Number of protein chains: 2
Amino acid sequence: MDEETLQTALDTAEALCAQRGVRFTAQRRRVLELVCRAERPVGAYEILPQLHTGATAAPPTVYRALDFLLEQGLVHKLETLHAFIGCTHPEHPHASQFLICADCGRVKELENEAIAGSLRSAAQETGFHPKRPVIEVLGTCAQCTHKAESV
Amino acid sequence: MDEETLQTALDTAEALCAQRGVRFTAQRRRVLELVCRAERPVGAYEILPQLHTGATAAPPTVYRALDFLLEQGLVHKLETLHAFIGCTHPEHPHASQFLICADCGRVKELENEAIAGSLRSAAQETGFHPKRPVIEVLGTCAQCTHKAESV
DNA sequence: CGCACAACTGTTATAATGTTTCGAAAATGC
DNA sequence: GCATTTTCGAAACATTATAACAGTTGTGCG
Ligand SMILES: [Zn+2]
Ligand SMILES: [Zn+2]
Ligand SMILES: [Zn+2]
Ligand SMILES: [Zn+2]
């Protein structure tokens with residue numbers, strides 16, 4: 001995420017939190033910034049040493065901030081990677097899908113209604129009530145596929 | 001899984017391994033049995049103490065068996081639960097979806113072509129080549145929904 | 001303001017999950 | 001039998017996540 005996009009994301013986050021009456025503290029802002037700055041999903045323990053200037057912070061510090069950001073839909077957790085990624089459209093709650101490149105590590109967030117819909121109807125057939133869908137596809141992105149073929 | 005289904009599952013597993021020229025050792029059989037006997041997904045560390053009669057086995061013992069069973073498609077791993085479940089139709093390789101009840105813990109394995117298809121086409125649009133889709137839906141099963149409503 | 005309360009943060013310890021490594025044992029193929 | 005490959009045992013270690021408790025900061029109200 002480039003510097004401009006980052007600023008927009010942070011401003012959006014701040015506005016959303018104000019609107020919702022929750023506190024977007026300096027620490028939460030900092031964690032969101034670190035997650036967004038990364039090109040790839042980042043683990044909690046990667047963020048940790050970047051929080052304190054001197055000594056490194058303790059795990060609960062970053063997990064608490066991440067929990068908050070997850071609740072507010074500002075970041076997503078990738079269960080298959082045990083890592084976090086900034087949300088590209090946090091304005092509204094959504095069930096998204098992630099395409100994870102095993103080669104370069106980059107992740108694309110989709111918001112595909114066909115997938116969400118087919119999942120909903122399949123669940124409905126069995127009487128199941130979905131709460132939180134986790135859809136993560138590991139594979140190879142277009143760029144990396146192209147590179148591999150041209151070798 | 002009842003005793004009869006379990007026996008069928010173990011026999012199927014044995015036949016599949018023979019057919020594929022891989023070894024279905026006593027230990028692997030035992031781990032598969034323990035996974036299948038459970039009503040719910042089981043963690044690796046739950047299986048561990050049931051492996052040795054006297055002292056409890058070391059983690060790599062069960063992880064090696066589980067890795068084998070995963071490779072052969074005899075069990076699945078639920079990423080959101082860090083737990084394993086026996087496959088209900090291991091004869092052919094498949095990309096399945098899991099409905100996980102947060103209430104009773106039971107899991108239903110689906111093999112829904114509409115979901116798989118919509119995911120494939122969404123990926124294709126972005127030039128992404130899927131390798132391993134992970135689709136797990138947390139929610140409430142029909143039974144538990146019914147119970148909750150009748151209270 | 002000054003106090004009461006709630007929310008947030010720091011710190012230590014611990015739990016849960018998963019891997020590396022090295023060596024012994026067992027099965028396989030000749 | 002004997003070399004080769006595969007599997008298994010065991011110890012140590014790595015990574016991810018949570019529990020518990022004390023301190024600090026911010027907020028609202030009189
Ligand atoms: Zn999102
Ligand atoms: Zn890539
Ligand atoms: Zn299956
Ligand atoms: Zn249920």
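All values reported here derive from a predicted model rather than from experimental measurement. Labels below follow one simple rule: chain letters A, B, ... track the order of the sequence lines, proteins then strands, and each chain is numbered from 1.
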Inset, instruction - Go through B:T12 and B:E91 one step at a time and tell me if the side-chain contact (heavy atoms from CB on, under 4.5 Å) criterion holds. - result: CA-CA 8 Å; B:T12 306; B:E91 293 78 12; 3.5 Å; yes
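- Distances were taken from every side-chain heavy atom of B:K77 (C-beta onward) to each of D:dA17, C:dT11, C:dG18; the shortest belongs to C:dG18.
- Applying the salt bridge (Lys or Arg N to Asp or Glu O under 4.0 Å) test to pairs two or more places apart or on separate chains, those with a residue in residues 119-130 of chain A are A:E113-A:R120.
- In this structure, the nucleotide among C:dT21, C:dT17, C:dT11 sitting nearest to the side chain of A:A58 is C:dT11.
- Distance from the side chain of B:R28 is smallest for D:dT7 among the nucleotides C:dG10, D:dA17, D:dT7.
- Rounded to an integer number of Å, the gap from CG of A:L48 to P of C:dT11 is 12 Å.
- Here A:H82 reaches the OP1 or OP2 of D:dA17: one of its side-chain N or O atoms lies under 4.0 Å away.
- Here the nucleotide nearest the side chain of A:P60, chosen from C:dC8, D:dT18, C:dT19, is D:dT18.
- Checking D:dT7, C:dT9, D:dT27 against every side-chain atom of A:R64, the shortest atom distance belongs to C:dT9.
- Here B:T61 lies in heavy-atom contact (under 4.0 Å) with sugar-phosphate atoms only.
- If A:P59 and B:A26 are placed on DNA chain D by their nearest nucleotide, the residue sitting closer to the 5' end is B:A26.
- For B:R29 and B:E33, the salt-bridge test fails: no basic side-chain N is under 4.0 Å from an acidic carboxylate O.
- One atom, CZ of A:R30, and another, C1' of C:dC8, lie 18 Å apart when rounded to the nearest Å.
- A straight line from CD of A:E46 to C1' of D:dT16 spans 12 Å, rounded to a whole angstrom.
- Rounding to whole angstrom units, OH of residue B:Y63 and P of C:dT17 are separated by 7 Å.
- At a cut-off of 3.5 angstrom, the base of D:dA17 holds at least one donor-acceptor pair with the side chain of A:Y45.
- Straight-line distance from the CZ atom of A:F24 to the P atom of D:dG26: 16 Å, rounded to whole Å.
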Atom pairs and distances, donor-acceptor, side-chain atoms in residues 56-73 of chain B, under 3.5 Å, two or more places apart:
{"residue": "B:T61", "atom": "OG1", "partner": "B:A58", "partner atom": "O", "Å": "3.3"}
{"residue": "B:Q72", "atom": "OE1", "partner": "B:R20", "partner atom": "NH1", "Å": "3.0"}

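- Aromatic ring centroids of B:H76 and B:F98 lie under 6.0 Å apart.
- Residue A:L66 contributes atom CG, which lies 13 Å from atom P of D:dT16 at whole-angstrom precision.
- Remark: C1' of C:dT17 and CG of A:L81 are 16 Å apart, rounded to the nearest angstrom.
- In this entry the distance linking CD of A:Q27 with P of D:dG23 reads 19 Å, nearest Å.
- When each of B:V22 and B:A57 is assigned the nucleotide of DNA chain D with its nearest heavy atom, B:V22 is the one assigned upstream, toward the 5' end.
- Residue B:T25 places none of its side-chain N or O atoms closer than 4.0 Å to OP1 or OP2 of C:dA27.
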